[in-house]
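Let me give you the structure first, and then I'll get to my questions.
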Amino acid sequence: VSKIFSAGLDITEMSGKSNEHYAAFWRAVQEMWLKLYGSNMVTIAAINGSSPAGGCLMALCCDYRIMADNPKFAIGLNETQLGIVAPFWFKDTMINTIGNRATELSLQLGQMYPAPEALKFGLVDKLVPEDKVQSAAAAAMSQWLSVPDHARQLTKSMMRKPAIDRLVKQREADINNFVSFISKDSIQKSLQIYMDRLKQKK
Ligand SMILES: CCCCC/C=C/C(=O)SCCNC(=O)CCNC(=O)[C@H](O)C(C)(C)COP(=O)(O)OP(=O)(O)OC[C@H]1O[C@@H](n2cnc3c(N)ncnc32)[C@H](O)[C@@H]1OP(=O)(O)O
C-alpha cells in the first residue's frame, strides 16, 4: 500500500473476540517473529511508508532497513499509545537494534519517529528518495549476499539466538499472558478508544 509499509497488527483481531481466538492470533504473531527474526536468509526491509508497532517489529527483524526519506513517514513501537504493552520479545528485538536506553525511551513514550529521526536513532540504516527504496534494497541485498553464506548465517544466529531461545522457552506462558491482558475490560476499552480516534481523524 502506498504511504504505508505496515499498519501493524490488525487491531480488530484483538478486539471483541474469544480467548481461543486471541490465543491462536498470538501464536501466529509469535510464529511470524520466530521465522523472520530467526531466518538464515538475508532480509532487507524496504520501508516505503509508515510502520507502527507490529510493522516496526517486522522491519526490526530484518538484517538491514532502508526507509523512504519523507518526514511524514514514521516508524516505532507505539504500543503504549494504544494502552497496550509491547511484549518482551518486541523489546528484545528493539534493544538488539538501538540499545537499552533508546529502547526504554521509545517504549515508555510509545514514540513514532519520523524517518530522519529514525535514522539518527539507528532504528533504520539508510534513507533514500521515495522512488529509490526498491533499487536501494536490491543493491544492499547484493552486498549482503556477497558475504560467504555459512559465515554470515552463523554470525546472525550468534547475535539473535539468545532472544529467540527466550521466547521458545516461554511460548505458552507468553500466550497466556497476552490472552489475560488483552481480554481485560480496561484494555478492550483502550483499544476501542484508539480505533474511534483513528476513524475520527478522517
Ligand atoms: C499485549 C499486546 C501487545 C500487542 C502488540 C501490538 C502490536 C500492534 O501492531 S498494534 C497496532 C498498531 N498500529 C497502529 O497504531 C496503526 C494505526 N494506524 C495508523 O496510524 C494509520 O491508520 C496509518 C498510518 C497506518 C494509515 O493512515 P491513513 O492512510 O490515513 O489511513 P487511515 O488511518 O484512514 O486507516 C484506514 C483504515 O484502516 C484502519 N486501520 C488502520 N490501522 C489499523 C490497524 N492496525 N488495525 C486495524 N485497522 C486499522 C483504520 O481504522 C481505517 O479503517 P476504516 O475507517 O474502517 O476505513
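The basis for the numbers below is simple: all heavy atoms, side chains too, and nothing from hydrogens, waters or symmetry mates. Order of appearance sets the numbers: ligands from 1, and atoms from 1 within every ligand.
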Legend entry - G54 neighbourhood, listing ligand 1 atoms whose heavy-atom distance to it stays under 4.0 Å: 7 (C), 8 (C), 9 (O)
Legend entry - D149 with R152: basic N within carboxylate O range, under 4.0 Å: yes
Legend entry - Numbered atoms and elements of ligand 1 in range of E79, under 4.0 angstrom, heavy atoms: 5 (C), 6 (C), 7 (C)
Legend entry - Heavy atoms of other groups near D185 CG, more than 12 under 6.0 Å: no
Inset, instruction - Could you tell me whether E31 and K35 make a salt bridge, using a distance below 4.0 angstrom between a side-chain N and a carboxylate O? - result: yes
Legend entry - Contact atoms of ligand 1, heavy-atom distance to D10 under 4.0 Å: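 Numbered from 1, ligand 1 contributes 46 (N), 47 (C).
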Inset, instruction - Using the six-membered ring wherever Trp is involved, compare the ring planes of F121 and Y113 and label them parallel, tilted or perpendicular (cut-offs 30° and 60°). - result: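 Answer is tilted, since the angle falls between 30° and 60°.
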Legend entry - Residue portion contacting ligand 1 (non-hydrogen atoms closer than 4.0 Å) for L9: both
Legend entry - N/O separation below 3.5 Å, Y194 to ligand 1: yes
Legend entry - Side-chain H-bond candidate by donor/acceptor type, Q192 with D196, under 3.5 Å: yes
Legend entry - NZ/NE/NH1/NH2 to OD/OE distance under 4.0 Å, K169 and D174: no
Inset, instruction - Enumerate the atoms of ligand 1 whose separation from the nearest heavy atom of F178 is less than 4.0 angstrom. - result: 1 (C), 2 (C)
Inset, instruction - Looking only at distances, please establish whether an N/O atom of ligand 1 is found under 3.5 Å from an N/O atom of I11. - result: yes
Inset, instruction - Answer with yes or no whether the side chains of N96 and Y37 bring together a donor and an acceptor at under 3.5 Å. - result: yes
Legend entry - Closest to atom 13 (N) of ligand 1 (judged by heavy-atom distance), picking from A7, A53, G83: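 Nearest heavy atom to atom 13 (N) of ligand 1 lies in A7.
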Legend entry - Pairwise distance NZ(K132) to CG(N48) - rounded to 0.5 angstrom: 15.0 Å
Inset, instruction - Give the numbers and elements of all ligand 1 atoms closer than 4.0 Å to a heavy atom of F181. - result: 1 (C)
Inset, instruction - Check whether any side-chain heavy atom of W33 sits under 4.5 Å from a side-chain heavy atom of L57, and report yes or no. - result: yes
Legend entry - Part of M195 within contact of ligand 1 (heavy atoms, under 4.0 Å):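 The answer is the side chain.
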Inset, instruction - Pick one of side chain, backbone, both or neither for how K3 approaches ligand 1, counting any non-hydrogen atom pair under 4.0 Å. - result: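 Looking at K3 and ligand 1, no heavy atom falls under 4.0 Å.
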Legend entry - Those atoms of ligand 1 less than 4.0 Å from some heavy atom in V85: 1 (C), 2 (C), 3 (C)
Legend entry - Steps toward salt bridge (charged side-chain N to carboxylate O under 4.0 Å, His left out) verdict (K72, E130): CA-CA 12 Å; K72 286 192 182 147; E130 269 175 70; over 6 Å; no
Legend entry - Part of I84 within contact of ligand 1 (heavy atoms, under 4.0 Å): side chain
Legend entry - Numbered atoms and elements of ligand 1 in range of G8, under 4.0 angstrom, heavy atoms: 9 (O)
Legend entry - Selection from K199, Q200, K201 by shortest heavy-atom distance to atom 51 (O) of ligand 1: K199
